[in-house]
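The block underneath contains the structure these notes are about, expressed in C-alpha coordinates.
What's counted below: heavy atoms across the whole structure, side chains too, no hydrogens, waters or symmetry copies. Chain letters run A, B, ... following the sequence lines, proteins first, then strands; residues in each count from 1.
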Number of protein chains: 2
Amino acid sequence: MSTPRSDPPPVPATQALDAPAARLRGRPRKALDARDDGNRRQLIIQSAARLFRAQGFDATSTRDIAAAADMRSGSPFYHFESKNALLHAVVEEGLQRAVARQQQVLQQLPLQAPPQERLAALVRHHFEILFGADGDFIPVMLYEWRSLTPPQRASIARIKADYEAPWMPVLQALHAAGALKADPALARMFIMGALNWSVQWYRPEGRLSLDALAAQALDLFIGPPT
Amino acid sequence: MSTPRSDPPPVPATQALDAPAARLRGRPRKALDARDDGNRRQLIIQSAARLFRAQGFDATSTRDIAAAADMRSGSPFYHFESKNALLHAVVEEGLQRAVARQQQVLQQLPLQAPPQERLAALVRHHFEILFGADGDFIPVMLYEWRSLTPPQRASIARIKADYEAPWMPVLQALHAAGALKADPALARMFIMGALNWSVQWYRPEGRLSLDALAAQALDLFIGPPT
DNA sequence: CCTACCGATCGGTAGG
DNA sequence: CCTACCGATCGGTAGG
(Lines give C-alpha, C1' and ligand atoms only; values in the text may rest on other atoms or scores of the structure.)
Protein backbone atom coordinates (compact mmCIF):
# COMPACT_ATOMS: atom_id res chain seq x y z
CA MET A 1 0.00 0.00 0.00
CA SER A 2 3.00 2.30 0.07
CA THR A 3 3.62 4.99 -2.48
CA PRO A 4 6.13 4.00 -5.17
CA ARG A 5 9.61 5.33 -4.43
CA SER A 6 10.49 5.89 -8.08
CA ASP A 7 8.97 8.00 -10.82
CA PRO A 8 5.56 7.00 -12.13
CA PRO A 9 5.78 4.80 -15.19
CA PRO A 10 5.25 6.25 -18.66
CA VAL A 11 1.75 6.08 -20.02
CA PRO A 12 1.85 2.63 -21.70
CA ALA A 13 3.54 0.27 -19.23
CA THR A 14 2.91 -3.02 -20.98
CA GLN A 15 6.31 -4.56 -21.69
CA ALA A 16 9.11 -3.90 -19.29
CA LEU A 17 11.93 -5.33 -21.37
CA ASP A 18 13.32 -3.61 -24.38
CA ALA A 19 13.15 -6.65 -26.64
CA PRO A 20 14.52 -5.74 -30.10
CA ALA A 21 11.31 -6.71 -31.84
CA ALA A 22 9.32 -4.39 -29.56
CA ARG A 23 11.47 -1.34 -30.29
CA LEU A 24 9.00 0.35 -32.59
CA ARG A 25 6.10 -0.24 -30.22
CA GLY A 26 7.84 1.37 -27.26
CA ARG A 27 7.06 4.66 -25.60
CA PRO A 28 5.57 7.12 -28.11
CA ARG A 29 8.23 9.23 -29.82
CA LYS A 30 8.33 12.94 -29.28
CA ALA A 31 6.79 15.10 -31.94
CA LEU A 32 9.21 15.35 -34.80
CA ASP A 33 9.77 19.08 -34.49
CA ALA A 34 10.85 18.67 -30.89
CA ARG A 35 13.35 15.92 -31.56
CA ASP A 36 16.82 15.75 -33.07
CA ASP A 37 17.22 19.53 -32.91
CA GLY A 38 19.67 21.07 -30.51
CA ASN A 39 16.77 23.09 -29.16
CA ARG A 40 15.73 20.73 -26.36
CA ARG A 41 17.83 22.96 -24.18
CA GLN A 42 15.87 25.99 -25.31
CA LEU A 43 12.63 24.21 -24.54
CA ILE A 44 13.79 23.54 -21.00
CA ILE A 45 14.82 27.17 -20.52
CA GLN A 46 11.49 28.38 -21.85
CA SER A 47 9.51 26.03 -19.61
CA ALA A 48 11.59 26.87 -16.58
CA ALA A 49 11.14 30.60 -17.16
CA ARG A 50 7.38 30.24 -17.24
CA LEU A 51 7.24 28.08 -14.12
CA PHE A 52 9.79 30.12 -12.19
CA ARG A 53 7.76 33.23 -12.86
CA ALA A 54 4.40 31.68 -12.04
CA GLN A 55 5.40 29.78 -8.91
CA GLY A 56 8.83 30.97 -7.90
CA PHE A 57 12.17 29.18 -8.10
CA ASP A 58 11.92 27.26 -4.84
CA ALA A 59 8.34 26.21 -5.41
CA THR A 60 9.15 24.79 -8.83
CA SER A 61 10.61 21.30 -8.87
CA THR A 62 12.90 20.03 -11.56
CA ARG A 63 10.21 17.41 -12.12
CA ASP A 64 7.71 20.18 -12.95
CA ILE A 65 10.14 21.57 -15.48
CA ALA A 66 10.83 18.20 -17.01
CA ALA A 67 7.12 17.53 -17.39
CA ALA A 68 6.53 20.94 -18.97
CA ALA A 69 9.28 20.16 -21.46
CA ASP A 70 7.79 16.72 -22.09
CA MET A 71 10.69 14.85 -20.55
CA ARG A 72 11.23 12.44 -17.67
CA SER A 73 12.32 13.69 -14.32
CA GLY A 74 16.06 13.20 -14.62
CA SER A 75 16.52 14.57 -18.10
CA PRO A 76 16.97 18.28 -17.41
CA PHE A 77 20.22 17.30 -15.71
CA TYR A 78 21.54 16.06 -19.01
CA HIS A 79 21.41 19.68 -20.18
CA PHE A 80 22.12 21.55 -16.96
CA GLU A 81 24.45 20.83 -14.10
CA SER A 82 21.94 21.83 -11.46
CA LYS A 83 18.64 23.56 -10.90
CA ASN A 84 20.59 26.70 -10.08
CA ALA A 85 22.48 26.55 -13.34
CA LEU A 86 19.13 26.46 -15.08
CA LEU A 87 17.98 29.55 -13.23
CA HIS A 88 21.17 31.26 -14.26
CA ALA A 89 20.59 30.30 -17.88
CA VAL A 90 17.07 31.72 -17.79
CA VAL A 91 18.18 35.03 -16.34
CA GLU A 92 21.23 35.33 -18.56
CA GLU A 93 19.31 34.62 -21.71
CA GLY A 94 16.53 37.05 -20.81
CA LEU A 95 18.93 39.81 -19.97
CA GLN A 96 21.00 39.34 -23.11
CA ARG A 97 17.87 39.58 -25.23
CA ALA A 98 16.82 42.70 -23.35
CA VAL A 99 20.15 44.39 -23.95
CA ALA A 100 20.06 43.58 -27.65
CA ARG A 101 16.51 44.83 -28.10
CA GLN A 102 17.18 47.98 -26.14
CA GLN A 103 20.10 48.80 -28.38
CA GLN A 104 17.89 48.38 -31.43
CA VAL A 105 15.29 50.70 -29.94
CA LEU A 106 17.87 53.38 -29.26
CA GLN A 107 19.38 53.09 -32.73
CA GLN A 108 15.99 53.64 -34.32
CA LEU A 109 15.65 57.03 -32.67
CA PRO A 110 16.51 60.15 -34.69
CA LEU A 111 20.05 61.27 -34.06
CA GLN A 112 18.87 64.57 -32.65
CA ALA A 113 16.10 63.11 -30.53
CA PRO A 114 15.69 65.10 -27.29
CA PRO A 115 16.26 63.33 -23.97
CA GLN A 116 12.52 63.32 -23.26
CA GLU A 117 12.01 61.20 -26.33
CA ARG A 118 14.93 58.95 -25.42
CA LEU A 119 13.60 58.33 -21.93
CA ALA A 120 10.17 57.62 -23.38
CA ALA A 121 11.68 54.99 -25.65
CA LEU A 122 13.62 53.40 -22.78
CA VAL A 123 10.57 53.29 -20.53
CA ARG A 124 8.29 51.97 -23.22
CA HIS A 125 10.78 49.27 -24.10
CA HIS A 126 11.25 48.33 -20.46
CA PHE A 127 7.53 47.66 -20.12
CA GLU A 128 7.75 45.61 -23.27
CA ILE A 129 10.45 43.51 -21.63
CA LEU A 130 8.32 43.03 -18.54
CA PHE A 131 4.99 42.28 -20.19
CA GLY A 132 5.73 41.44 -23.82
CA ALA A 133 5.86 38.15 -25.69
CA ASP A 134 8.58 36.36 -23.77
CA GLY A 135 8.10 38.44 -20.69
CA ASP A 136 8.91 35.75 -18.15
CA PHE A 137 12.69 36.02 -18.12
CA ILE A 138 13.25 39.45 -16.60
CA PRO A 139 10.57 39.08 -13.92
CA VAL A 140 12.34 35.88 -12.92
CA MET A 141 15.51 37.90 -12.49
CA LEU A 142 13.69 40.53 -10.45
CA TYR A 143 12.05 37.99 -8.17
CA GLU A 144 14.78 35.41 -7.86
CA TRP A 145 17.95 37.44 -7.57
CA ARG A 146 18.36 36.03 -4.10
CA SER A 147 18.32 32.46 -5.42
CA LEU A 148 21.38 33.01 -7.60
CA THR A 149 24.73 32.07 -6.12
CA PRO A 150 27.19 34.94 -5.59
CA PRO A 151 29.28 34.03 -8.68
CA GLN A 152 26.08 33.83 -10.73
CA ARG A 153 25.03 37.22 -9.45
CA ALA A 154 28.34 38.70 -10.46
CA SER A 155 27.98 37.24 -13.94
CA ILE A 156 24.47 38.64 -14.31
CA ALA A 157 25.39 41.99 -12.81
CA ARG A 158 27.80 42.57 -15.69
CA ILE A 159 25.06 42.19 -18.29
CA LYS A 160 22.69 44.21 -16.13
CA ALA A 161 25.20 47.06 -16.19
CA ASP A 162 25.07 47.00 -20.00
CA TYR A 163 21.31 47.31 -19.83
CA GLU A 164 21.36 50.18 -17.40
CA ALA A 165 24.22 52.16 -18.90
CA PRO A 166 22.25 53.98 -21.63
CA TRP A 167 19.85 55.40 -19.04
CA MET A 168 22.42 57.59 -17.32
CA PRO A 169 23.30 60.08 -20.07
CA VAL A 170 19.62 60.53 -20.80
CA LEU A 171 18.82 61.25 -17.16
CA GLN A 172 21.79 63.57 -16.88
CA ALA A 173 20.63 65.53 -19.91
CA LEU A 174 17.14 65.82 -18.43
CA HIS A 175 18.58 66.96 -15.14
CA ALA A 176 20.71 69.59 -16.87
CA ALA A 177 17.66 70.78 -18.77
CA GLY A 178 15.69 71.10 -15.52
CA ALA A 179 13.14 68.46 -16.46
CA LEU A 180 14.37 66.00 -13.87
CA LYS A 181 14.51 67.39 -10.36
CA ALA A 182 16.36 64.59 -8.54
CA ASP A 183 19.94 63.44 -8.66
CA PRO A 184 20.25 61.36 -11.86
CA ALA A 185 21.89 58.35 -10.22
CA LEU A 186 19.24 58.09 -7.53
CA ALA A 187 16.52 58.95 -10.02
CA ARG A 188 17.59 55.95 -12.05
CA MET A 189 17.15 53.65 -9.07
CA PHE A 190 13.74 55.08 -8.19
CA ILE A 191 12.53 55.05 -11.78
CA MET A 192 13.58 51.49 -12.47
CA GLY A 193 12.04 50.49 -9.16
CA ALA A 194 8.75 52.11 -10.08
CA LEU A 195 8.77 50.31 -13.43
CA ASN A 196 9.89 46.96 -12.07
CA TRP A 197 7.33 47.02 -9.30
CA SER A 198 4.59 47.19 -11.89
CA VAL A 199 4.89 43.43 -12.37
CA GLN A 200 3.20 43.23 -8.98
CA TRP A 201 0.04 45.03 -10.01
CA TYR A 202 -0.20 45.78 -13.73
CA ARG A 203 -2.18 43.31 -15.84
CA PRO A 204 -1.61 43.60 -19.61
CA GLU A 205 -5.06 42.18 -20.30
CA GLY A 206 -6.73 45.05 -18.44
CA ARG A 207 -7.96 48.40 -19.71
CA LEU A 208 -4.70 50.29 -19.47
CA SER A 209 -2.41 49.83 -22.47
CA LEU A 210 1.34 49.61 -22.21
CA ASP A 211 1.55 52.93 -24.08
CA ALA A 212 -0.72 54.63 -21.56
CA LEU A 213 1.19 53.09 -18.70
CA ALA A 214 4.47 54.41 -20.08
CA ALA A 215 2.98 57.86 -20.67
CA GLN A 216 1.81 58.08 -17.07
CA ALA A 217 5.19 57.05 -15.76
CA LEU A 218 6.84 59.76 -17.83
CA ASP A 219 4.33 62.32 -16.60
CA LEU A 220 5.27 61.44 -13.07
CA PHE A 221 9.03 61.66 -13.54
CA ILE A 222 9.53 64.51 -16.00
CA GLY A 223 6.06 65.93 -16.62
CA PRO A 224 3.96 65.77 -19.78
CA PRO A 225 5.66 66.15 -23.19
CA THR A 226 5.88 69.75 -24.33
CA MET B 1 26.99 4.60 9.59
CA SER B 2 23.75 6.16 8.47
CA THR B 3 22.65 9.64 9.41
CA PRO B 4 20.22 9.70 12.34
CA ARG B 5 16.62 9.98 11.22
CA SER B 6 15.51 12.05 14.21
CA ASP B 7 16.58 15.40 15.55
CA PRO B 8 20.03 15.66 17.07
CA PRO B 9 20.01 15.13 20.82
CA PRO B 10 20.17 18.09 23.18
CA VAL B 11 23.61 19.04 24.40
CA PRO B 12 23.83 16.83 27.52
CA ALA B 13 22.51 13.39 26.54
CA THR B 14 23.47 11.45 29.60
CA GLN B 15 20.30 10.04 31.10
CA ALA B 16 17.45 9.18 28.80
CA LEU B 17 14.76 8.61 31.43
CA ASP B 18 13.10 11.40 33.27
CA ALA B 19 13.55 9.89 36.73
CA PRO B 20 11.96 12.20 39.31
CA ALA B 21 15.21 12.61 41.21
CA ALA B 22 16.95 13.75 38.04
CA ARG B 23 14.47 16.49 37.26
CA LEU B 24 16.61 19.37 38.36
CA ARG B 25 19.66 18.07 36.50
CA GLY B 26 17.84 17.84 33.18
CA ARG B 27 18.29 19.96 30.09
CA PRO B 28 19.35 23.50 31.02
CA ARG B 29 16.40 25.80 31.59
CA LYS B 30 15.80 28.73 29.28
CA ALA B 31 16.97 32.13 30.47
CA LEU B 32 14.47 33.42 32.96
CA ASP B 33 13.36 36.41 30.92
CA ALA B 34 12.42 34.16 28.03
CA ARG B 35 10.40 31.72 30.07
CA ASP B 36 6.96 31.75 31.69
CA ASP B 37 5.87 34.81 29.73
CA GLY B 38 3.28 34.51 27.03
CA ASN B 39 5.82 36.05 24.69
CA ARG B 40 7.32 32.85 23.33
CA ARG B 41 4.97 33.39 20.43
CA GLN B 42 6.38 36.86 19.88
CA LEU B 43 9.88 35.46 19.91
CA ILE B 44 8.98 33.00 17.19
CA ILE B 45 7.42 35.73 15.06
CA GLN B 46 10.45 37.93 15.51
CA SER B 47 12.87 35.13 14.60
CA ALA B 48 10.79 34.08 11.63
CA ALA B 49 10.64 37.64 10.32
CA ARG B 50 14.40 37.97 10.41
CA LEU B 51 14.99 34.62 8.72
CA PHE B 52 12.24 35.06 6.14
CA ARG B 53 13.72 38.38 5.15
CA ALA B 54 17.31 37.18 5.04
CA GLN B 55 16.76 33.87 3.25
CA GLY B 56 13.22 33.86 1.94
CA PHE B 57 10.21 31.90 3.11
CA ASP B 58 10.88 28.71 1.17
CA ALA B 59 14.56 28.65 2.03
CA THR B 60 13.84 28.95 5.75
CA SER B 61 12.95 25.72 7.51
CA THR B 62 10.78 25.57 10.57
CA ARG B 63 13.83 24.00 12.21
CA ASP B 64 15.83 27.17 11.51
CA ILE B 65 13.11 29.21 13.15
CA ALA B 66 12.90 26.92 16.14
CA ALA B 67 16.65 27.12 16.64
CA ALA B 68 16.64 30.90 16.36
CA ALA B 69 13.95 31.00 19.02
CA ASP B 70 15.94 28.55 21.17
CA MET B 71 13.43 25.75 20.84
CA ARG B 72 13.39 22.20 19.49
CA SER B 73 12.24 21.49 16.00
CA GLY B 74 8.61 20.65 16.66
CA SER B 75 7.83 23.42 19.08
CA PRO B 76 6.81 26.22 16.70
CA PHE B 77 3.83 24.04 15.83
CA TYR B 78 2.59 24.36 19.37
CA HIS B 79 2.11 28.08 18.66
CA PHE B 80 1.24 28.03 14.96
CA GLU B 81 -0.84 25.67 12.89
CA SER B 82 1.58 25.64 10.00
CA LYS B 83 4.58 27.38 8.54
CA ASN B 84 2.20 29.39 6.39
CA ALA B 85 0.22 30.54 9.39
CA LEU B 86 3.48 31.81 10.83
CA LEU B 87 4.19 33.78 7.68
CA HIS B 88 0.74 35.26 7.88
CA ALA B 89 1.32 36.26 11.48
CA VAL B 90 4.57 37.98 10.58
CA VAL B 91 3.00 39.97 7.77
CA GLU B 92 -0.14 40.81 9.69
CA GLU B 93 1.74 42.03 12.70
CA GLY B 94 4.15 44.11 10.64
CA LEU B 95 1.37 45.72 8.68
CA GLN B 96 -0.71 46.51 11.74
CA ARG B 97 2.25 48.22 13.34
CA ALA B 98 2.86 50.17 10.15
CA VAL B 99 -0.72 51.38 10.00
CA ALA B 100 -0.64 52.48 13.63
CA ARG B 101 2.64 54.34 13.27
CA GLN B 102 1.57 56.01 10.06
CA GLN B 103 -1.55 57.34 11.77
CA GLN B 104 0.59 58.79 14.53
CA VAL B 105 2.84 60.48 12.00
CA LEU B 106 -0.10 62.07 10.23
CA GLN B 107 -1.67 63.23 13.48
CA GLN B 108 1.51 65.00 14.46
CA LEU B 109 1.36 67.19 11.35
CA PRO B 110 -0.06 70.71 11.66
CA LEU B 111 -3.70 70.83 10.72
CA GLN B 112 -2.99 73.19 7.86
CA ALA B 113 0.05 71.33 6.57
CA PRO B 114 0.27 71.57 2.76
CA PRO B 115 0.11 68.33 0.74
CA GLN B 116 3.84 68.58 -0.03
CA GLU B 117 4.55 68.32 3.66
CA ARG B 118 2.07 65.48 4.06
CA LEU B 119 3.62 63.48 1.26
CA ALA B 120 7.05 64.11 2.73
CA ALA B 121 5.87 62.68 6.03
CA LEU B 122 4.35 59.64 4.37
CA VAL B 123 7.46 58.93 2.32
CA ARG B 124 9.81 59.44 5.23
CA HIS B 125 7.73 57.15 7.39
CA HIS B 126 7.57 54.52 4.68
CA PHE B 127 11.35 54.37 4.55
CA GLU B 128 11.34 54.07 8.30
CA ILE B 129 9.08 51.05 7.98
CA LEU B 130 11.37 49.48 5.42
CA PHE B 131 14.71 50.15 7.09
CA GLY B 132 13.96 51.06 10.71
CA ALA B 133 14.30 49.11 13.93
CA ASP B 134 11.99 46.20 13.23
CA GLY B 135 12.24 46.58 9.49
CA ASP B 136 11.96 42.91 8.59
CA PHE B 137 8.21 42.53 8.61
CA ILE B 138 7.18 44.67 5.66
CA PRO B 139 9.96 43.50 3.36
CA VAL B 140 8.77 39.97 4.11
CA MET B 141 5.35 41.01 2.91
CA LEU B 142 6.80 42.58 -0.23
CA TYR B 143 8.91 39.56 -1.07
CA GLU B 144 6.64 36.74 0.01
CA TRP B 145 3.18 37.87 -1.07
CA ARG B 146 3.16 34.91 -3.42
CA SER B 147 3.71 32.48 -0.56
CA LEU B 148 0.51 33.52 1.21
CA THR B 149 -2.60 31.47 0.53
CA PRO B 150 -5.46 33.30 -1.21
CA PRO B 151 -7.48 33.67 2.02
CA GLN B 152 -4.38 34.99 3.78
CA ARG B 153 -3.82 37.46 0.98
CA ALA B 154 -7.37 38.71 1.29
CA SER B 155 -6.92 39.18 5.01
CA ILE B 156 -3.69 41.12 4.52
CA ALA B 157 -5.06 43.14 1.64
CA ARG B 158 -7.64 44.65 3.97
CA ILE B 159 -4.99 46.01 6.32
CA LYS B 160 -2.89 47.09 3.36
CA ALA B 161 -5.81 49.18 2.14
CA ASP B 162 -5.83 50.97 5.48
CA TYR B 163 -2.18 51.75 5.04
CA GLU B 164 -2.56 53.05 1.52
CA ALA B 165 -5.76 55.01 1.99
CA PRO B 166 -4.22 58.21 3.42
CA TRP B 167 -1.98 58.58 0.38
CA MET B 168 -4.79 59.23 -2.08
CA PRO B 169 -6.16 62.56 -0.81
CA VAL B 170 -2.61 63.87 -0.56
CA LEU B 171 -1.79 62.88 -4.11
CA GLN B 172 -5.09 64.29 -5.37
CA ALA B 173 -4.38 67.62 -3.71
CA LEU B 174 -0.94 67.69 -5.27
CA HIS B 175 -2.39 66.87 -8.66
CA ALA B 176 -4.98 69.62 -8.32
CA ALA B 177 -2.24 72.05 -7.36
CA GLY B 178 -0.22 71.09 -10.43
CA ALA B 179 2.68 69.66 -8.44
CA LEU B 180 1.97 66.07 -9.47
CA LYS B 181 1.75 65.57 -13.21
CA ALA B 182 0.45 62.00 -13.38
CA ASP B 183 -2.91 60.49 -12.57
CA PRO B 184 -3.02 60.19 -8.76
CA ALA B 185 -4.09 56.55 -8.67
CA LEU B 186 -1.32 55.45 -11.01
CA ALA B 187 1.12 57.81 -9.36
CA ARG B 188 0.46 56.04 -6.09
CA MET B 189 1.39 52.70 -7.62
CA PHE B 190 4.54 54.03 -9.22
CA ILE B 191 5.60 55.92 -6.11
CA MET B 192 5.09 53.02 -3.75
CA GLY B 193 6.91 50.82 -6.24
CA ALA B 194 9.86 53.17 -6.33
CA LEU B 195 9.99 53.22 -2.55
CA ASN B 196 9.47 49.51 -2.07
CA TRP B 197 12.09 48.63 -4.63
CA SER B 198 14.67 50.45 -2.55
CA VAL B 199 14.95 47.39 -0.31
CA GLN B 200 16.77 45.85 -3.26
CA TRP B 201 19.56 48.39 -3.35
CA TYR B 202 19.55 50.88 -0.46
CA ARG B 203 21.80 50.08 2.49
CA PRO B 204 21.03 52.04 5.66
CA GLU B 205 24.63 51.70 6.83
CA GLY B 206 25.90 53.54 3.74
CA ARG B 207 26.55 57.25 3.21
CA LEU B 208 23.04 58.25 2.22
CA SER B 209 20.74 58.93 5.16
CA LEU B 210 17.08 58.03 5.19
CA ASP B 211 16.27 61.74 5.23
CA ALA B 212 18.34 62.37 2.13
CA LEU B 213 16.82 59.35 0.43
CA ALA B 214 13.32 60.64 1.14
CA ALA B 215 14.22 64.14 -0.05
CA GLN B 216 15.49 62.78 -3.36
CA ALA B 217 12.37 60.73 -3.89
CA LEU B 218 10.22 63.80 -3.31
CA ASP B 219 12.34 65.82 -5.72
CA LEU B 220 11.70 63.21 -8.35
CA PHE B 221 7.94 63.03 -7.89
CA ILE B 222 6.90 66.59 -7.09
CA GLY B 223 10.05 68.66 -7.37
CA PRO B 224 12.03 70.35 -4.62
CA PRO B 225 10.17 72.07 -1.76
CA THR B 226 9.35 75.69 -2.47
C1' DC C 1 17.70 11.24 -22.94
C1' DC C 2 15.31 7.43 -19.85
C1' DT C 3 15.28 4.05 -15.78
C1' DA C 4 15.55 3.35 -11.30
C1' DC C 5 17.12 4.89 -7.50
C1' DC C 6 19.65 7.35 -3.28
C1' DG C 7 20.30 10.40 0.58
C1' DA C 8 18.83 14.39 2.61
C1' DT C 9 15.55 17.51 4.13
C1' DC C 10 11.27 19.13 5.26
C1' DG C 11 6.54 20.12 7.34
C1' DG C 12 4.04 18.19 10.53
C1' DT C 13 2.22 15.05 14.47
C1' DA C 14 1.16 11.66 18.57
C1' DG C 15 1.97 11.35 23.02
C1' DG C 16 3.61 12.88 27.01
C1' DC D 1 7.02 22.70 25.00
C1' DC D 2 10.08 18.29 23.97
C1' DT D 3 10.79 13.40 22.04
C1' DA D 4 10.82 10.63 18.46
C1' DC D 5 9.17 9.87 14.44
C1' DC D 6 6.46 9.59 9.66
C1' DG D 7 5.48 10.27 4.86
C1' DA D 8 6.40 12.97 1.11
C1' DT D 9 9.21 15.45 -1.86
C1' DC D 10 13.22 16.96 -3.80
C1' DG D 11 17.82 17.57 -6.29
C1' DG D 12 20.71 14.76 -8.27
C1' DT D 13 23.16 10.43 -10.27
C1' DA D 14 24.93 5.70 -12.28
C1' DG D 15 24.37 3.16 -15.97
C1' DG D 16 22.67 2.30 -20.14
Side-chain angles (χ1 to χ4, degrees), chain A residues 1-13 15-18 20 23 26-30 34-41 43-44 48 51 55-67 69-87 147 149, chain B residues 1-13 15-18 20 23 26-30 34-41 43-44 48 51 55-67 69-87 147 149:
Chain A
M1 249 10 138
S2 73
T3 313
R5 304 311 234 97
S6 55
D7 298 333
V11 187
Q15 65 265 46
L17 291 180
D18 211 8
R23 265 273 166 76
R27 179 176 350 106
R29 306 314 240 161
K30 316 284 182 186
R35 227 184 52 203
D36 65 337
D37 279 309
N39 65 3
R40 305 289 286 156
R41 185 186 151 96
L43 181 57
I44 298 176
L51 290 167
Q55 316 174 1
F57 175 74
D58 284 309
T60 301
S61 71
T62 55
R63 283 164 172 81
D64 293 339
I65 297 166
D70 198 25
M71 296 171 172
R72 313 302 299 284
S73 69
S75 301
F77 295 99
Y78 172 77
H79 296 276
F80 296 93
E81 260 193 14
S82 66
K83 190 187 174 189
N84 247 281
L86 177 48
L87 173 62
S147 302
T149 68
Chain B
M1 246 15 132
S2 72
T3 313
R5 303 312 232 97
S6 56
D7 299 334
V11 186
Q15 66 264 51
L17 291 180
D18 210 8
R23 266 270 167 76
R27 178 174 352 103
R29 304 316 239 161
K30 316 286 183 185
R35 228 182 52 201
D36 66 335
D37 279 310
N39 64 3
R40 305 288 286 155
R41 186 187 151 96
L43 181 57
I44 297 176
L51 289 167
Q55 316 173 3
F57 175 75
D58 285 307
T60 301
S61 72
T62 56
R63 283 164 172 81
D64 293 339
I65 297 166
D70 197 24
M71 295 173 174
R72 312 301 299 285
S73 69
S75 301
F77 295 98
Y78 172 76
H79 296 275
F80 296 93
E81 260 193 15
S82 65
K83 188 187 175 189
N84 247 280
L86 178 47
L87 173 62
S147 302
T149 68

For this session: Establish, with yes or no, whether the OP1 or OP2 oxygen of C:dG11 is under 4.0 angstrom from a side-chain nitrogen or oxygen of B:T62.
Result: yes

Exercise. When you measure from the side chain of A:S73, which nucleotide among C:dA4, D:dG11, C:dG11 comes out closest?
Worked result: C:dA4

Problem set entry | Proximal nucleotide (of C:dC2, D:dG11, D:dC5) relative to the A:S75 side chain | C:dC2

Distance in angstrom units between [X] [atom1] and [N] [atom2], rounded:
X     : N      : atom1 : atom2 : value
B:D58 : D:dG11 : CG    : P     : 11 Å
A:F77 : C:dC5  : CZ    : P     : 19 Å
A:N84 : D:dG12 : CG    : C1'   : 13 Å
A:Y78 : D:dG15 : OH    : P     : 18 Å
B:K83 : D:dT9  : NZ    : C1'   : 13 Å
A:F80 : D:dG12 : CZ    : C1'   : 15 Å
A:I65 : D:dG12 : CD1   : P     : 10 Å
A:R63 : D:dG11 : CZ    : C1'   : 7 Å

Exercise. Are the side chain of B:T60 and the backbone of B:L51 linked by a donor-acceptor contact shorter than 3.5 Å?
Worked result: yes

For this session: Applying side-chain contact (heavy atoms from CB on, under 4.5 Å), run through A:M71 and A:L43 and close with a yes or a no.
Result: CA-CA 10 Å; A:M71 296 171 172; A:L43 181 57; 5.5 Å; no

Exercise. Closest approach of B:I44 and B:P76, non-hydrogen atoms and distance?
Worked result: CD1-CA, 4.1 Å

For this session: Find the distance between CD1 (A:I65) and CG (A:L86) and round it off to the nearest 0.5 Å.
Result: 5.0 Å

Exercise. Applying a 3.5 Å limit to both distances, which nucleotide forms a Watson-Crick or G-U wobble pair with C:dC5?
Worked result: D:dG12

Exercise. Hey, does A:S61 reach any base, or is it just sugar-phosphate, or nothing, if we go heavy atoms under 4.0 Å?
Worked result: sugar-phosphate

